[in-house]
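Everything below concerns the one structure shown next.
Letters go in sequence order (proteins before strands), and every chain restarts at 1.
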Amino acid sequence: MTAILYVFALGALLISAMKSREKTMLALKKAWKAFENILPQLSSILVIIGIALAILTPEQISRLLGSGSGWGGVLLAALIGAITLVPSPVAFPLAAALLASGAGYMQLAAFISSLMMVGIVTIPLETNYFGRKAALIRNLSAFIFSLVVALAMGVFM
Amino acid sequence: MARIKATMKRYRFFILLVTVNIVMVFVHPSLGIKSIGITFKNIKEVLTIIPPVFILLGLLDVWVERETMIRYMGEDSGIVGVLLAFFLGSAAAGPLYAAFPIAGVLLNKGSKLSNVFIFIGAWSTTKIPMLLLEASYMGTKFAIIRLVLSLIGIAAITYTTERALSKDERDEIYRRALVVE
C-alpha cells in the first residue's frame with residue numbers, strides 16, 4: 001500500500017513538474033505548510049499513544065473499545081470523535097495503534113466517521129454560515145451516520 | 001528570539017509530554033522505556049506514510065481550478081453540479097472548519113444549496129489523499145467500506161438537511177453568506 005502511495009504521488013509530481021515548475025513548487029510549499037500545521041498535534045499524539053499503550057494493557061483497551069465493548073464502546077468512540085478536533089492524518093495512526101492493541105473495527109469506524117463529519121466545537125462557526133438549524137441538523141445526522149458506519153463494519157469486517 | 005518563543009508555544013504540549021515521558025524513565029524505567037520504544041516505532045511509520053499523502057494534497061489543491069468549477073454549480077446544474085461539488089470537496093486540503101468559509105464563497109456565487117452541502121460532506125470525508133492514508137493504516141477493506149457508506153451518507157445528510165429547511169431559512173443562508181463575506 002505504501003509503495004503504491006509513493007508511485008502515485010511521485011508520478012503526479014513528475015507530471016505536474018513537466019506542466020508547470022511554478023505550480024509544482026507552490027504545491028510542495030502547500031504540502032509542507034499543511035504538514036507543519038498539524039505537526040504540533042501529530043507529535044503530541046504520538047507521545048500520548050506511546051505513554052498510553054505502555055501503561056494500558058491490551059485487555060484494558062479491549063474492555064473499553066474492543067469488539068466486546070459492544071454499543072457502549074461504539075457510542076463512547078463516536079462521542080469522543082464528535083467532540084475532539086483531531087486532523088485525519090493524526091487520527092489514522094492513532095486508530096491503527098488502538099486496533100493493534102485490542103480496539104474493535106466497529107468502535108474505530110464510529111470514532112473515525114464522527115471525527116471527520118461531526119464537529120461540536122465548531123458548530124458556532126458553522127452557524128455563522130448556515131444558521132443554527134442547518135448546523136444542528138447536519139451534525140446530528142452525521143453523528144447518526146457514524147453509528148450506521150459502525151453497524152456496517154460489524155457486519156462486513 | 002520571538003520566533004523561538006512562538007515555536008515553543010506551539011509545541012508546549014508536546015514538550016510537556018516529552019518531559020512526562022523522561023520523568024517516567026527515571027520513576028518507572030520499564031514503562032518509560034517501553035513508551036519511548038512505541039513512540040519511535042510510530043514516528044518511523046508516520047514519516048514513511050505521510051510524505052506522499054501531503055504531496056498529493058498540495059498538488060490537488062494547486063491544480064484544481066475552483067473558480068471555473070463554481071460557475072457550473074448553480075440552481076440548474078443538475079448532475080454536473082453534484083459531481084463538481086463532490087470533486088471540489090474531495091480535492092481540497094484542510095480541516096472541516098476550513099471548508100465553511102469556502103462554502104460561503106460558493107453560496108455567494110450562487111451555488112445550489114444541496115451542492116454546497118455535498119461539497120461540505122466530501123470535504124469532511126472523501127478527500128483522496130486521506131482515503132489512501134486510511135487504506136494504508138486501517139486496511140483496504142475498511143477504507144472501501146467506509147468510502148461506499150460515506151457516498152450514501154453524504155447524499156442522505158444533504159437530503160435531510162435541505163428538506164428540514166423552509167424556503168425562508170434557505171434564503172436566510174444566502175443572505176448570511178453575503179454578510180459573513
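Among the residues in residues 128-147 of chain B, those with a non-hydrogen atom closer than 4.5 angstrom to a non-hydrogen atom of chain A are B:Met130, B:Leu132, B:Leu133, B:Glu134, B:Ala135, B:Ser136, B:Tyr137, B:Met138, B:Thr140, B:Lys141, B:Phe142, B:Ile145, B:Arg146. Contact residues of residues 3-22 of chain B toward chain A are B:Arg10, B:Tyr11, B:Phe13, B:Phe14, B:Leu17, B:Val18, B:Val20, B:Asn21 (heavy-atom distance under 4.5 Å).
Contact count against chain A (heavy-atom pairs under 4.5 Å) is highest for B:Leu31 among B:Val53, B:Leu31, B:Leu107. Here A:Ile48 is the residue among A:Leu99, A:Ile48, A:Leu115, A:Ile49 with the most heavy-atom pairs under 4.5 Å with chain B. Contacts with chain A were tallied for B:Ala103, B:Ala156, B:Ser150; B:Ser150 has the most, counting heavy-atom pairs under 4.5 Å. Put simply, of B:Glu45, B:Met24, B:Glu162, the one with the most heavy-atom pairs under 4.5 Å next to chain A is B:Met24.
A:Glu22 does not touch chain B: none of its heavy atoms, backbone or side chain, sits under 4.5 Å away. Of the two parts of B:Ile49, the backbone and the side chain both hold a non-hydrogen atom closer than 4.5 Å to a non-hydrogen atom of chain A. Heavy atoms closer than 4.5 Å to chain A are found nowhere in B:Tyr174, neither backbone nor side chain. Interface remark: A:Ser146 contributes no atoms to any contact with chain B (heavy atom separation under 4.5 Å). Looking at B:Ile55, both its backbone and its side chain come within 4.5 Å of chain A, counting heavy atoms on both sides. Residue contact with chain B, scored on non-hydrogen atoms closer than 4.5 Å, involves the backbone and the side chain of A:Leu13 alike. A:Tyr6 touches chain B through backbone and side chain together, each having a heavy atom under 4.5 Å away. Both the backbone and the side chain of A:Ile51 come within less than 4.5 Å of a heavy atom in chain B. With a 4.5 Å cut-off on non-hydrogen atoms, A:Pro93 touches chain B through its backbone and its side chain both. A:Leu42 touches chain B through its side chain: at least one heavy atom from C-beta onward sits under 4.5 Å away, while N, CA, C and O do not.
A:Thr24 meets the side chain to side chain donor-acceptor pair (under 3.5 Å) test with A:Ser16; sequence neighbours excluded. Take B:Ala122 and apply the side chain to side chain contact (heavy atoms under 4.5 Å, CB included) test, not counting sequence neighbours, and it matches B:Phe86, B:Ser90, B:Thr126.
Salt-bridge check for A:Arg132 with B:Glu172: failed, with every basic side-chain N at 4.0 Å or more from each acidic carboxylate O.
B:Trp63 is listed as a side-chain neighbour of A:Lys19, based on a closest heavy-atom distance under 4.5 Å. Counting heavy atoms from C-beta on, the side chains of A:Met117 and B:Ile154 come closer than 4.5 Å. When side chains are defined from C-beta on, B:Ile173 does not count as touching A:Tyr129, because their heavy atoms never get closer than 4.5 Å. Contact annotation: the side chain of B:Pro52 never approaches that of A:Leu10 to less than 4.5 Å [non-hydrogen atoms, C-beta and beyond].
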Worked check of salt bridge (Lys or Arg N to Asp or Glu O under 4.0 Å) between B:Glu65 and A:Lys23
CA-CA 12 Å; B:Glu65 305 252 345; A:Lys23 276 196 161 185; 3.7 Å; yes
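Remark: A:Leu125 CG to B:Tyr97 OH distance equals 9.5 Å, nearest 0.5 Å.
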